[in-house]
Amino acid sequence: MLAEGGEEAKVLAGGQSLLPMLRLRLARAELVVDVNRVPQLRGVWEEADSLVIGAMTTHHDVIHDELVRRHAPLLAAATETVGDPAVRHRGTLGGSLAHADPAGDLPPVVLVLNGELVAEGPRGRRTIPAAEFFVDCLTTALKPDELLVECRVPKLGEGWGFHYEKFRLSAQAPALVGVAVAVRRENGGIAEARVGLTNMGATPLRAATVEVALAGADATAEAVGRAAEAAAEGTSAMYDLSTSPEYRAHLARVLTRRAVLAAAGSE
Ligand SMILES: Cc1cc2nc3c(=O)[nH]c(=O)nc-3n(C[C@H](O)[C@H](O)[C@H](O)COP(=O)(O)OP(=O)(O)OC[C@H]3O[C@@H](n4cnc5c(N)ncnc54)[C@H](O)[C@@H]3O)c2cc1C
């Protein structure tokens, strides 16, 4: 059906972003394909070293899933900050990723977990690394006739700590900036750190300079604070009605410091 509809067809998942976009005339659809009654698209399961989350799994189900809490707690933590209970009961992980809102909390999490997105369409199935999936503001690598069917994240074993830190102007407002962190501790220090940024550009970004500075660093407030100073390097935060790029850069530094210390267990 998507192939027949071409550019004018839209998938309806939870409708939490699609319906506002249609109502505001920011999106057009001649054909809406509702995939809510496709049970194969829902649920969480394990495949070898990966956790697989069906695209239509709601935020509520992700938060409460035992496998997600054990193998991808960062995803559960970030999803808990999404909207309100009504939004979390209808909205889906796949919808959030396919929507690719720069202020979305979940794209940087999937980026930090080195996740992969599985798309299916008339030409078959293909797997897209998260680093290649988010192409631009509200734009992904999905073709108009493709459905996002799964999100796959490698299970991270012992020694990893996680934290999602978000700053917003009021409850339920979108993140001005969010920081998703995964840290591997070794011998009391930080062996490896991954830092993902929400709303610091048109797509989710990794704070590469911070990650390099943290590899082998002490998990102290001083060392982490020094590394976090580079959090806005290479970013292109937008000017909007809420704030300036300079303030976003300030938030990125402060939130990165907090998130890394929390993930490393050194708050
Ligand atoms: C009041 C409110 C507060 C919110 N707060 C937050 C927040 O704090 N943080 C946050 O991250 N998000 C927030 N959101 C957005 C929310 O997370 C949505 O659930 C999410 O953005 C879209 O998911 P959905 O399942 O509703 O998708 P839909 O709205 O149905 O679809 C969104 C887009 O993705 C496409 N799409 C959906 N599923 C697929 C698929 N499987 N394959 C291909 N394309 C697909 C649709 O065609 C559409 O273009 C909020 C929304 C509202 C209404």
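In listed order, ligands and their atoms are each counted from 1. Keep in mind the model is a prediction, meaning the values are calculated, not measured.
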Name the closest protein heavy atom to atom 11 (O) of ligand 1, giving the residue it belongs to and the distance to 0.1 Å.
-> Asp105 N, 2.9 Å

At a 4.0 Å cut-off, with the gap strictly under it, does some heavy atom of Gly15 reach an atom of ligand 1?
-> yes

Non-hydrogen atom of His59 closer than 4.0 Å to ligand 1 = yes

Joint cluster assignment, Val118 & Val62, ILVMFWY side-chain distance < 4.5 Å | no

Using a strict 4.0 Å cut-off to heavy atoms of Leu147, name the atoms of ligand 1 that fall inside it.
-> 40 (C), 41 (N), 42 (N)

Heavy-atom contacts under 4.0 Å between Met21 and ligand 1: side chain, backbone, both, or neither?
-> neither

Got the closest protein heavy atom to atom 21 (O) of ligand 1, with its distance?
-> Ser17 OG, 2.6 Å

Is there any N or O on Leu106 that sits under 3.5 Å from an N or O of ligand 1?
-> no

For atom 44 (N) of ligand 1, closest protein heavy-atom neighbour = Ala98 CB, 3.5 Å

Can you give the donor-acceptor pairs under 3.5 Å from side chains of residues 74-83 to other protein atoms, not counting sequence neighbours?
| from | atom 1 | to | atom 2 | distance (Å) |
| --- | --- | --- | --- | --- |
| Thr79 | OG1 | Leu75 | O | 2.6 |
| Thr81 | OG1 | Ala78 | O | 2.7 |
| Thr81 | OG1 | Lys166 | NZ | 3.2 |

Nearest non-hydrogen protein atom to atom 6 (C) of ligand 1, with distance, is Gly83 N, 3.5 Å

Leu176 versus Asn199: any side-chain heavy-atom pair under 4.5 Å?
-> no

What protein heavy atom sits nearest atom 52 (C) of ligand 1, and how far off is it?
-> Val87 CG2, 3.6 Å

What protein heavy atom is closest to atom 46 (C) of ligand 1, reported as residue, atom name and distance in Å?
-> Val11 O, 3.0 Å

Ligand 1 contact by Met56, heavy-atom criterion under 4.0 angstrom | no

For Arg90, is at least one N or O under 3.5 Å away from an N or O on ligand 1?
-> no

Numbering as shown, the atoms of ligand 1 that approach Gly91 to under 4.0 Å (heavy-atom distance) | 19 (O), 25 (O), 26 (O)

On the 0 to 90° scale, with breaks at 30° and 60°, tag the His60-His64 ring pair as parallel, tilted or perpendicular.
-> tilted

Judged by non-hydrogen atoms, does Thr81 sit under 4.0 Å from ligand 1?
-> yes

Measure the distance from atom 53 (C) of ligand 1 to every protein heavy atom, then report the residue, atom name and distance (to 0.1 Å) of the closest one.
-> Gln16 O, 3.4 Å

Which pair of heavy atoms, one from Leu214 and one from Ala227, lies closest together, and at what distance?
-> CD2-CB, 3.6 Å

Location of contacts on Lys143 toward ligand 1, heavy atoms closer than 4.0 Å | neither

protein heavy-atom neighbour closest to atom 42 (N) of ligand 1 works out as Leu148 N, 2.9 Å

Under 4.0 Å between heavy atoms, the region of Asp101 that gets near ligand 1 turns out to be neither

Does ligand 1 have any atom that is closer than 4.0 Å to a heavy atom of Arg88?
-> no

